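Report on the structure given below.
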Amino acid sequence: MNQRFSGIGMTSQRTRARMLERLRAQGITDEVVLSAMNDIPRHIFVDEALASRAYEDISLPIGYGQTISQPYIVARMIELARGGQTISQALEIGTGCGYQAAVLARVAKSVHSVERIAPLIAKARKNLREIRINNVKVKYADGTMGLAEFAPYNAIIMAAAATHIPDELLAQLAMGGRLVMPIGAETQKLTVVERTAEGFHKVEMGEVKFVPLLGGVS
Ligand code: SAH
């Protein structure tokens, strides 16, 4: 890897190792997820002026009123979506700058990611190309109802908050698959729905704070 990927100073491998220690301390136990978090240089996904803060456990602005999710949330959502199993096909709703899609690409065979803001699509594609991730397909669309075209998915992760679980997302889950999304208005509950032979099994995790899911494209 060249120096821009491997990083120096506050973006160095040592700083990334500290992020990993923090994720473990925060309760992330899935080694596959931890290794993926270690692999993906988060500083590539934020503006250069913010690169020195890229490995702190905070969300950061990515423009257009949107944010890159904090590392803990990305790791936690992917850990929940995996449930200890290999994901063959994943769907992400809310690509943003493409960071979570990149981590997901390390634990899934293929990833589809949908984003409604055109300039962010361009940004995400550029970032993913730069670190040579080629198993993510980014699509410019309103992902409120998922992406039926490539369903079913073993994992669906929504990176924006909805007020309820759209039936369409449940319909796009493969048997044994999991949907992970924040539900609520001001603050939300991270919610996991697993599709089993008996039906849909829903579990609410802790409180989270995401940007809202918006309709249409812009
Ligand atoms: N996955 C990102 C987080 C991006 S923030 C990361 O790795 O950090 C959430 C994103 O969801 C924003 O970019 C926002 O534009 C997008 N979003 C909101 N509503 C959407 C919708 N209906 N369809 C697709 N994307 C949406």
Side-chain angles (χ1 to χ4, degrees), residues 33 36 40 45 62 64-69 73-74 76-83 85-129 131 133-183 188 190-196 199-202 208 210-218:
V33 174
I40 304 299
F45 292 83
I62 54 172
Y64 316 96
Q66 306 304 321
T67 55
I68 178 172
S69 304
I73 287 296
V74 170
R76 185 69 182 130
M77 292 219 281
I78 297 179
E79 179 174 69
L80 289 167
R82 250 176 56 80
Q85 283 164 12
T86 303
I87 299 170
S88 63
Q89 180 146 249
L91 172 67
E92 178 192 38
I93 300 156
T95 319
C97 58
Y99 175 67
Q100 175 161 273
V103 180
L104 205 44
R106 277 277 184 275
V107 312
K109 292 202 183 82
S110 84
V111 179
H112 288 278
S113 186
V114 185
E115 171 59 56
R116 64 178 289 279
I117 299 178
L120 286 177
I121 289 278
K123 209 175 203 180
R125 286 197 178 123
K126 177 184 155 287
N127 290 337
L128 292 166
R129 211 169 26 236
I131 58 166
I133 298 266
N134 45 34
N135 57 336
V136 177
K137 292 259 183 314
V138 178
K139 189 173 170 115
Y140 177 46
D142 175 355
T144 305
M145 293 180 188
L147 185 61
E149 208 179 331
F150 302 103
Y153 305 98
N154 310 96
I156 300 178
I157 296 181
M158 191 182 269
T163 52
H164 65 284
I165 302 173
D167 287 340
E168 290 82 359
L169 294 188
L170 298 178
Q172 289 168 31
L173 267 187
M175 193 55 71
R178 289 153 169 249
L179 164 67
V180 182
M181 64 186 285
I183 306 270
Q188 309 106 27
L190 191 58
T191 306
V192 182
V193 183
E194 186 177 0
R195 181 172 206 168
T196 69
F200 295 97
H201 181 63
K202 181 173 121 182
V208 286
F210 278 81
V211 295
L213 183 77
L214 300 173
V217 289
S218 85

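Because the structure is predicted, anything quoted here is derived from the model rather than measured.
The distance from the OG1 atom of T95 to the CD1 atom of I121 is 5.0 Å, given to the nearest 0.5 Å. Atom CG of residue N154 and atom NZ of residue K109 lie 8.5 Å apart, to the nearest 0.5 angstrom. Considering CE of M181 and CD1 of I157, their distance stands at 12.0 Å, rounded to 0.5 Å. Atoms CZ and CG, from R116 and L214 in turn, are 4.5 Å apart once rounded to the nearest 0.5 Å. Interatomic distance, CE of M158 versus CG of L179, reported as 7.5 Å (0.5 Å rounding).
In this structure, I117 and Y140 approach most closely via the heavy-atom pair C-CE1, 4.1 Å. When every heavy atom of V136 is checked against every heavy atom of S113, the shortest pair comes out as CG1-CB, 4.5 Å. Residue G176 comes nearest to Q85 through the heavy atom pair O-OE1, 4.4 Å, listed as atom of the first residue, atom of the second, then distance. Contact detail for A81 and A155: the closest heavy-atom pair is CB-CB, 4.0 Å. Closest of all the heavy-atom pairs between C97 and N127 is O-ND2, 3.0 Å. The minimum heavy-atom distance linking P152 with Q89 is given by the pair O-NE2, 3.4 Å.
The backbone N or O of Q100 sits nowhere less than 3.5 Å from a side-chain atom of E92 that would complete a donor-acceptor pair. Looking only at distances, no side-chain donor or acceptor of Q172 sits under 3.5 Å from a matching main-chain atom of I156. Judged by distance alone, the side chain of Y99 and the main-chain N or O of I40 form no donor-acceptor pair under 3.5 Å. A donor-acceptor contact shorter than 3.5 Å links the side chain of D142 to the backbone of G216. R178 places no side-chain N or O within donor-acceptor distance of the main-chain N or O of V192, the cut-off being under 3.5 Å. Looking at T191, its side chain never comes within 3.5 Å of a backbone N or O of P182 through a donor-acceptor pair.
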(request) Report the C-alpha distance between L147 and Y153 in whole Å, list the side-chain angles of each, state the deciding distance to 0.1 Å, and finish with yes or no for side-chain contact (heavy atoms from CB on, under 4.5 Å). (result) CA-CA 10 Å; L147 185 61; Y153 305 98; 3.5 Å; yes
(message) Apply side-chain contact (heavy atoms from CB on, under 4.5 Å) to residues K202 and I165 and explain how you reach the verdict.
(response) CA-CA 10 Å; K202 181 173 121 182; I165 302 173; 3.9 Å; yes
(request) Please lay out, stage by stage, how Q188 and I183 fare under the test side-chain contact (heavy atoms from CB on, under 4.5 Å). (result) CA-CA 5 Å; Q188 309 106 27; I183 306 270; 5.6 Å; no
(message) Would R82 and E79 count as a salt bridge (charged side-chain N to carboxylate O under 4.0 Å, His left out) here? Give the steps.
(response) CA-CA 5 Å; R82 250 176 56 80; E79 179 174 69; over 6 Å; no
(message) One pair to check against side-chain contact (heavy atoms from CB on, under 4.5 Å): I93 and L169. What are the steps and the verdict?
(response) CA-CA 10 Å; I93 300 156; L169 294 188; 3.7 Å; yes
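No option in E149, E115, H112 other than E149 meets the side chain to side chain donor-acceptor pair (under 3.5 Å) test with K139.
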